[in-house]
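Remember, it's a predicted structure, so these values are computed and weren't measured experimentally. Throughout, protein chains are lettered first and strands after them, A, B, ... in sequence-line order, and every chain is numbered starting at 1.
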Amino acid sequence: MRFDDDDITPLIEGLNDAQREAVTAPPEHRLVLAGAGSGKTRVLVHRVAWLISVENTSPHSVLAVTFTNKAAAEMRHRLELLLDMPVRALWVGTFHGIAHRMLRLHHKEARLHQNFQIMDSDDQLRFIKRVLRGLDLPEDRWPPKTVTGWINAQKEEARRPEDFDDRGDFSQRQLVRIYSAYHNACEQAGLVDFAELLLRAFELCRDDPAIRQHYRSRFRHILVDEFQDTNTLQYKWLRVLAGDSGKLFVVGDDDQSVYSWRGARVENIVKFTRDFPGNEVVRLEQNYRSSGTILKAANGLIARNSERMGKQLWTDAGDGESIQLYAAFNDLDECDFVVSRIREAHERGTPLQDMAILYRSNAQSRVLEEGLIRARLAYRIYGGLRFFERMEIRDALAYLRLIGNRDDDPAFERVVNTPTRGIGNTTMERLRAVAREQGVSLWNAAKTGASALGRSAGNVALFQDLVDRLAREAEGQALGVVMDRVIEQSGLREHYRKEKGEQAEARLENLDELVTAARSFEDSAEDDLPPMTSFLTHAALEAGERQAGEGEDCVQLMTLHAAKGLEFPTVFMVGLEEGLFPHVRAVQEGNIEEERRLCYVGITRSRRQLYLSYAELRRLHGQEQVCMPSRFLREIPSECVLETRPRSGTSRPAFAPRSAGLGSRFAGEPPRNGLKLGAHVRHPRFGEGVITAFDGEGDRGRVEVSFRDVGSKWLILSLAKLEAV
DNA sequence: GCAGTCGTCATTTTT
DNA sequence: TGACGACTGC
C-alpha cells in the first residue's frame, strides 16, 4: 500500500468536515446525502481508498456499484490515481455489469446456457412481437412496448409469472401468459434481457446458499452510487448481498431523483435508514460548483417539495452573476435570444463547449439546432443512436451471435434476409409455425422442417450453409479476422456499398470501425471469457458513446435528464412553460415534485451563469399554442433573477416579492376584466392579437397584447377597447 | 420485395 | 409539424 499507517494525509487532504466524516467513518452502514456538486464521487473514491489503506480491507472484499459505465470507469480511474496502483481485485461496475459477471461465473447454478447472450431493448421488443404472434394476440390490443414495459416492471419487482395467481383480471392474466411464453422463448434461445440479468443474479444469491455465503463473506463492503436511482430489485439484491455483516456505504441525493418512471424508488433512501440499523446519515451540503445566487435559486425552488430528507446547499464562493430570465414572444424568439447570447459570449472568449442548452423534451432541440446552424455555431446534441445501436452494426453482430449460438432466434430473424436472399414473410411465417409446433429454434425448424417451406427452402439452406461455413472458418481465428469475414461473406459490405446516399458511406466506415473494435477484444483475458462473448457482451452492455464530434469545441444540447451529473459554466434552460416544463403528463399524473427536482437538477448544472427562458407562444405538434410561464419561475426566489431584454442587456427585477408587478404574468392568476392570459382579443386600431401579460390591477392595470400585424403593445386595461374574439 | 401513401401519435433513458 | 409504422399496389 502506498500509505504508511501514520500517513493518511493524501486520503483526507482537501476534504471538508462532512466529506471527511463520511470517508473516515467506522466500518458501519452509512448513508451519504450528497447534494449537487458536493464532491460525491470524491467521497466514494476516498472511502474505498480509506477502507483499503487504513482499515486494511482487501480490495478483494470491496464491491462498488454504479448505474452507468461512465461512472464506473471514472471511479476506477480516480481510485487508481489516488492509490497509485491498479486495483484489479476490486469489483467496480454497473449493476448490470456485476450481475452479468456473477451469472457468467455461475451459469450452471443460475441454470443459464453456457453461451448465453444479452438481449438489448430493441431485441427484446422484436422478440416480444414474435411471442405475441405465436399466442395469436393482436398488436393493437397488446402493444409490444406496453407489454415489454410491463414485463420489465414485473422483473424489477422480482416477480415471476408463477408469483401471480389466477385471480387477476383478464388483462393481467394475459400479460402473465405472455410473460411466461416470453420467458420460455428466452430460455430456449439462450438470451437474457437487461432486467433478467439483475433478477437472475438476485435469485442466484437469494436461492443458492453456497453462492450467497461465498459473496457475503467476500464482500465486506458494498458501496453504491446514485442510490436514489435504485429500483426495488436492486435494493433487494443489495440486501441479500450484504446479509448481516456486509457494510453498505450508499451515496445519493433524494433531490435529484428524476427516474421514478423507469422504476427508481427514492423511498429506498428512507428504507435504507430503517433496514440497515446502526447507520448514520452524513450530509454533504457544501457546493463547489455554482455561485451563491444559483444555489439560492436551487434551494428556494426545491424547498417547495414536501417529501425531502432535507438539505441546504451553500458555498463560500461569492454570489456571482444574477440569473437572467428572458420572456420570449415565441419559440423562435427564444432561440434567437439563446443564440445571440452564445455568440456574444463566444466573441468575448467563452469556449462554445462551456455553454449548454438544456430542455425538457427532445423535440425542442430542432428549433435551437436550426438557429445554431444559421449562426454558424458548432453544436453537439446528446442523444440519438450510439455506435452499437446502429443498424449495420447490429446486423453484423447478429451473424456473430448466430456463429456462437444457432438458437439465437432474434439474431436469426434479423439477418436471415439481410442482405435479401429471397426469404420473405411467407417463408418466415411458415418457419415460425414449424418452430412453434416443434418447440425448437428457428434454426432447427429450418433444418428439420424444410419440406414445409416450399420454394424458399433452398434459400434458407444456403443461409444456414453460410453461417455454418463462417462458424467453421472462425475456429482458431482472431476475432478481428472473423468479424471482417462475416461482414464480407455475409454480403453485408456489398449490401451497404450498393445503398445510396451519404449515409451509406458512414455505414461502411462504421463496419470498418467494428472490425477494429473486434480486434481490440482479441486478447481481453480480463474477464476470462472467449473474445467473442466478451465482445458481444460489451456491445450489449456498453453501447458506446453517443455521436462523434467529441473533441470539437461546440455548444452542448441535451435534455435535462441527460444533463444530470454534468456541469457547465453557462447554462441555458429553455422552455420554462406550463405544460412543457412541468410537462402536462407529469401534471396529470400528479408528479410535480419530480419535475421540480428535474428543474433543480437543471439549475445546479450551472457554474457561473444561468439563463432561463420561456415563450409566450410555442409551436407544438404543428400547432401554435399560447403558453403560461412555468410555475417554477415563480418558485425561484425573485431576488436571484433579473428579467432581461435581448440586445441591450438592461435588466429590471423580474418579480416583485408577492404583489402585482410582473409576477402576475404567472400561472394561476385570475382573469382581469373578463380577459385572461392567452385570450384572443381585437382592438379597434391594432387589430387582432393575443394577451401575453398583465401588469398591475384596477384602473391602472395594464395589459400586453401581441398583435398579429403591429407587434406587441402595452395598453391601459380600463381604456383600451379590447373585445374577446 | 419494395416504394409510396396514409394514419397516428407525440416526456424523460440506462443497462 | 414530422417521424414512424402499417398497409397497399405493382
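- Here His583(A) lies parallel enough and close enough to stack on the base of dT11(B), with planes under 30° and ring centres under 5.5 Å apart.
- Here Ala543(A) lies out of heavy-atom contact (under 4.0 Å) with every strand.
- Cation-pi check for Arg380(A) over Tyr382(A) is met; the charged atom lies under 6.0 angstrom from the ring centroid and within 45 degrees of its normal.
- The phosphate of dT15(B) has OP1 or OP2 within less than 4.0 Å of a side-chain N or O from Arg386(A).
- Taking 4.0 angstrom as the limit, Asn69(A) places a side-chain polar atom (N or O) nearer than this to OP1 or OP2 of dT15(B).
- For Glu595(A) and Arg304(A), the salt-bridge test fails: no basic side-chain N is under 4.0 Å from an acidic carboxylate O.
- Taking atom NE2 of residue His561(A) and atom P of nucleotide dT14(B), one finds them 10 Å apart after rounding to whole Å.
- Asp123(A) pairs with exactly one of Gln117(A), Arg414(A), Arg401(A) by the side chain to side chain donor-acceptor pair (under 3.5 Å) rule, that one being Arg401(A).
- Regarding contacts with the backbone of dT15(B), every side-chain N or O of His96(A) stays at 4.0 angstrom or more from both OP1 and OP2.
- Taking atom C1' on both nucleotides, dA6(C) is separated from dT11(B) by 25 Å, rounded to a whole Å.
- Residue-level contact check: Gln234(A) touches neither bases nor backbone, having no heavy atom under 4.0 Å from any strand.
- With contacts defined as side-chain heavy-atom distances shorter than 4.5 Å, the pair Leu358(A)/Phe572(A) does not qualify.
- Rounded to whole Å, the P atom of dG5(C) lies 16 Å from the corresponding atom of dT12(B).
- Between dC2(B), dT12(B), dT15(B), one nucleotide has an atom nearer to the side chain of Thr420(A) than all others, and that is dC2(B).
- Between Val224(A) and Leu238(A), the closest side-chain pair of non-hydrogen atoms falls below 4.5 Å.
- Nucleotides of DNA chain B nearest to Arg421(A) and Ser121(A) differ in position, and the one nearer the 5' end is that of Arg421(A).
- A cation-pi arrangement is found for Arg104(A) relative to Phe116(A), the charged atom lying closer than 6.0 Å to the ring centre and inside a 45° cone about the ring normal.
- Atom C1' of nucleotide dT12(B) and atom CD of Glu594(A) are separated by 9 Å, given to the nearest angstrom.
- Checking dT11(B), dT13(B), dT15(B) against the side-chain heavy atoms of Tyr259(A) singles out dT13(B) as nearest.
- Nucleic acid contact class of Glu196(A) (heavy atoms, under 4.0 Å, all strands): none.
- Atom CZ in Arg619(A) sits roughly 8 Å away from atom P in dG2(C) (whole-Å rounding).
- Remark: side-chain polar atoms of Arg421(A) are paired, donor with acceptor, to backbone N or O of Val416(A) under 3.5 angstrom.
- Base orientation of dT12(B): anti, since the glycosidic angle falls outside 90° of 0.
- In this pair, Trp261(A) does not lay its aromatic ring on the base of dT11(B); centres under 5.5 Å and planes under 30 degrees do not both hold.
- Spacing between atom CD of Gln364(A) and atom P of dA10(B) amounts to 17 Å, rounded to whole angstrom units.
- Between the P atom of dT15(B) and the NZ atom of Lys564(A) lies a distance of 12 Å, rounded to the nearest Å.
- Put simply, Asn362(A) has no side-chain N or O that comes within less than 4.0 Å of OP1 or OP2 on dT11(B).
- Checked by distance alone, Thr559(A) brings no side-chain donor or acceptor within 3.5 Å of a matching partner on the base of dT11(B).
- Residue Asp193(A) is classed as having no contact, given no heavy-atom separation below 4.0 Å to the nucleic acid.
- The distance from atom CG of Leu385(A) to atom P of dT14(B) is 12 Å, rounded to the nearest whole Å.
- Put simply, CD on Glu139(A) is 15 Å from C1' on dT8(B), counting in whole angstrom units.
- Both Ile423(A) and Ala540(A) sit near DNA chain B, but only Ile423(A) has its closest nucleotide nearer the 5' end.
- Contact check, Arg366(A) against dA3(C): a side-chain N or O comes under 4.0 Å of OP1 or OP2.
- Regarding Arg585(A), its CZ atom lies at a distance of 10 Å from the C1' atom of dC9(B), rounded to whole Å.
- Using a 4.0 Å heavy-atom criterion, one finds that Ile98(A) contacts no nucleic acid atom at all.
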